[in-house]
Amino acid sequence: MTFSNKLIFWYLQNDRDLPWRKTRNPYFIWLSEIMLQQTRVQQGLSYYLVFTKEFPTVFDLANASESKVLKLWQGLGYYSRARNLHATAQYIASDLNGIFPDNYTDLKKLKGVGDYTASAIASICYEHPEAVVDGNVYRVLARHFGRQTAINSSLGIKEFKALAQELIDPKQPGTFNQAIMDFGALHCKPQNPLCTSCPLQNSCVAFTTNTVKELPVKEKKTKVKQRYFNYLVLLTKENKTVFTERKGKGIWQGLYEFPLVETTNSVEESELVYAAEFKKYIKEEAKIVLFNKEDTVHKLSHQHLHTKFWLVKLDEHKDAEISWDTLQKYPVPVLIANFLEELDTLNGYF
DNA sequence: AACCCGGGGAG
DNA sequence: CTCCCAGGGTT
């Protein structure tokens, strides 16, 4: 049996029952693929169900506001995916009359669609022999063929793509692609792979040479940056606050937050009030209370956010235009959502 | 080529 | 704690 035959044979007995497996509608496949970028199936599943119910067609998605899309995306992370998703829906609805591109080259031109996603859609929806290479494929191929090239090097990216392309079953490319990904996710797992019951054990170089734990090879990771956030949670006599959209290049673009004073260290109230950023926001007489005794540490993959929430009570503020009881409409980072929920459970504290 | 972009689950 | 997930975009 060929590598491909073994994989597909395994897949026919072990495939997961997932909603996007029941359709070849490119809209649904595209939606699922964007959501699952760097995201576990288990985490993305509930979002997929919400989006397909809320936006049954690409036109429904296109006609929604970006804020609505971000709100439904809230908690899934990598929010540029949601913004690109919305922009692409509008492009397809307006410029392409709702018809998705039907080949790799045109699919890859879409915002948020790279090599992996274009290959996935082309193979699953149109049976084009375009090999996908996701984290699962890197792992399965590196182990089975004993490849030691770093999977995140430019050489490795080319090498594994070419290898996958050699192996793909041209008669059933969509099935092959999904089979190798499911096999990586369920059987050839990152930790504790099920080698003893593996149908590809005999031909697996890593198993034969006892190097399963060493593969795949990955190059160094970047260091985690420590940042110190001070959120100014304003409340005026009229129950209004300042809540603004994050702009620019950094994290959480398009999401809402309270006025933010970033410092180089964890600060006391006496230091905070002298910060230039603080003075920019608070000129009025105000009563300030620190909400969390210990810094809330919100961990992103590349930075740790040490956060203090300062409750600021004042009579009035020129920028306080958002009523406190409408905050839940806005898309917010999980850090803010958690704070609001905690504040909610302390009903009357603020 | 290097860096940035979230959040969560598993071990 | 560390690793990594159905990756893509920017510099």
Side-chain angles (χ1 to χ4, degrees), chain A residues 11 15-16 18-21 28-48 70 73-85 87-88 107-121 123-124 130-140 150-158 160-161 164 174 176-186 188-193 213 216-225 227 246 248-255 297-305 331-338:
Chain A
Y11 180 63
D15 66 317
R16 290 177 283 186
L18 301 169
W20 47 85
R21 294 247 167 96
F28 294 122
I29 300 299
W30 165 70
L31 190 54
S32 72
E33 293 299 345
I34 300 296
M35 285 185 160
L36 294 175
Q37 287 168 3
Q38 290 292 286
T39 304
R40 293 172 194 278
V41 166
Q42 196 54 36
Q43 188 187 0
L45 186 54
S46 61
Y47 287 84
Y48 176 82
L70 281 170
W73 197 274
Q74 183 178 310
L76 197 54
Y78 284 144
Y79 297 94
S80 65
R81 292 185 295 170
R83 296 193 306 273
N84 286 335
L85 183 83
T88 294
L107 283 163
K108 198 167 175 303
K109 291 175 186 167
L110 302 174
K111 276 187 185 178
V113 175
D115 178 75
Y116 163 80
T117 306
S119 299
I121 299 173
S123 62
I124 294 170
E130 305 284 355
V132 298
V133 185
D134 74 334
N136 296 307
V137 177
Y138 279 119
R139 187 169 54 256
V140 171
I151 60 171
N152 55 345
S153 66
S154 56
L155 187 64
I157 292 170
K158 285 182 190 170
F160 284 97
K161 174 75 181 182
F176 173 87
N177 279 339
Q178 298 194 73
I180 191 170
M181 290 193 285
D182 254 22
F183 182 73
L186 301 177
C188 194
K189 299 180 294 178
Q191 279 91 27
N192 307 321
K213 287 188 73 175
V217 173
K218 204 168 180 179
E219 281 174 353
K220 61 186 185 303
K221 52 212 170 271
T222 53
K223 241 183 68 180
V224 176
K225 187 179 175 187
R227 300 177 71 181
R246 275 186 80 97
K249 299 252 168 196
I251 55 174
W252 302 332
Q253 193 185 332
L255 276 58
V297 184
H298 188 72
K299 293 178 177 176
L300 307 180
S301 53
H302 51 293
Q303 44 188 296
H304 290 179
L305 310 175
V332 296
V334 166
L335 173 63
I336 301 292
N338 288 346

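Side chains included, hydrogens not; waters and symmetry mates left out as well; all remaining heavy atoms used. In what follows, chains are A, B, ... by sequence order, proteins preceding strands, each numbered from 1. Everything numeric in this text was worked out from a predicted model, so none of it was measured.
The same atom, P, is picked in C:dA6 and in B:dG11; the two are 14 Å apart, to the nearest Å. Nucleotides B:dG6 and C:dC3 have their C1' atoms positioned 15 Å apart, rounded to a whole Å.
In this structure, A:Glu219 reaches neither bases nor backbone, as no heavy-atom distance under 4.0 Å exists between it and the strands shown. Among the protein residues, A:Asn177 comes within range of no part of the nucleic acid, since none of its heavy atoms lies under 4.0 Å from any strand. Within the nucleic acid shown, A:Leu76 comes within 4.0 Å of at least one base atom, counting heavy atoms only. Contact annotation for A:Val132: no contact, since no heavy-atom pair falls under 4.0 Å across all strands. Across all strands shown, A:Ser80 has no heavy atoms under 4.0 Å from either base or sugar-phosphate atoms. Within the nucleic acid shown, A:Leu18 comes within 4.0 Å of at least one base atom, counting heavy atoms only. Across all strands, A:Arg21 comes closer than 4.0 Å to base atoms (heavy-atom distances).
Note that CG of A:Asn84 and CD1 of A:Ile34 are 8.0 Å apart. Values are rounded to the nearest 0.5 Å. Put simply, CD1 on A:Ile121 and OH on A:Tyr116 are 9.0 Å apart, with the number rounded to the nearest 0.5 Å.
A:Thr117 and A:Gln37 share a side-chain donor-acceptor pair at under 3.5 Å.
The nearest heavy atom of DNA chain B to A:Gln191 and to A:Ser153 marks one nucleotide each, and the one closer to the 5' end goes with A:Ser153. Remark on DNA chain C: of its neighbouring residues A:Gly112 and A:His304, the 5'-side contact belongs to A:His304, judged by nearest-heavy-atom nucleotide. Sequence order on DNA chain B of the closest nucleotides to A:Ser154 and A:Leu255 puts A:Ser154 first from the 5' end.
Here A:Arg21 pairs with A:Tyr11, A:Gln178, A:Asp182 under the side chain to side chain donor-acceptor pair (under 3.5 Å) rule; sequence neighbours left out. Take A:Phe183 and apply the ring-ring contact (aromatic ring centres under 6.0 Å, His included) test, not counting sequence neighbours, and it matches A:Trp10, A:His187. Every residue meeting the ring-ring contact (aromatic ring centres under 6.0 Å, His included) condition with A:Trp20, not counting sequence neighbours, appears here in chain and number order: A:Tyr48.
Taking the side chain as every heavy atom from C-beta outward, A:Asn136 and A:Cys188 never approach each other to under 4.5 Å. Counting only heavy atoms from C-beta outward, the side chains of A:Arg227 and A:Ile251 approach each other to under 4.5 Å. Proximity of A:Ile336 to A:Gln74: side-chain heavy atoms (C-beta onward) are nowhere separated by under 4.5 Å. Put simply, the side chain of A:Arg246 does not reach to within 4.5 Å of the side chain of A:Leu255, judged on heavy atoms. At least one side-chain heavy atom of A:Trp30 sits less than 4.5 Å from a side-chain heavy atom of A:Leu85.
If you check residues 36-45 of chain A against DNA chain B, the residues with a heavy atom closer than 4.0 Å are A:Gln38, A:Thr39, A:Arg40, A:Gln43, listed by number.
Running 5' to 3' along DNA chain B, contacts with non-hydrogen atoms of chain A at under 4.0 Å begin and end at B:dA1 to B:dG11. Scanning DNA chain C 5' to 3' for nucleotides with an atom closer than 4.0 angstrom to a non-hydrogen atom of chain A gives a first and last hit of C:dC1 to C:dT11.
The main-chain N or O of A:Lys220 is never found under 3.5 Å from a side-chain atom of A:Asn152 such that the two would form a donor-acceptor pair.
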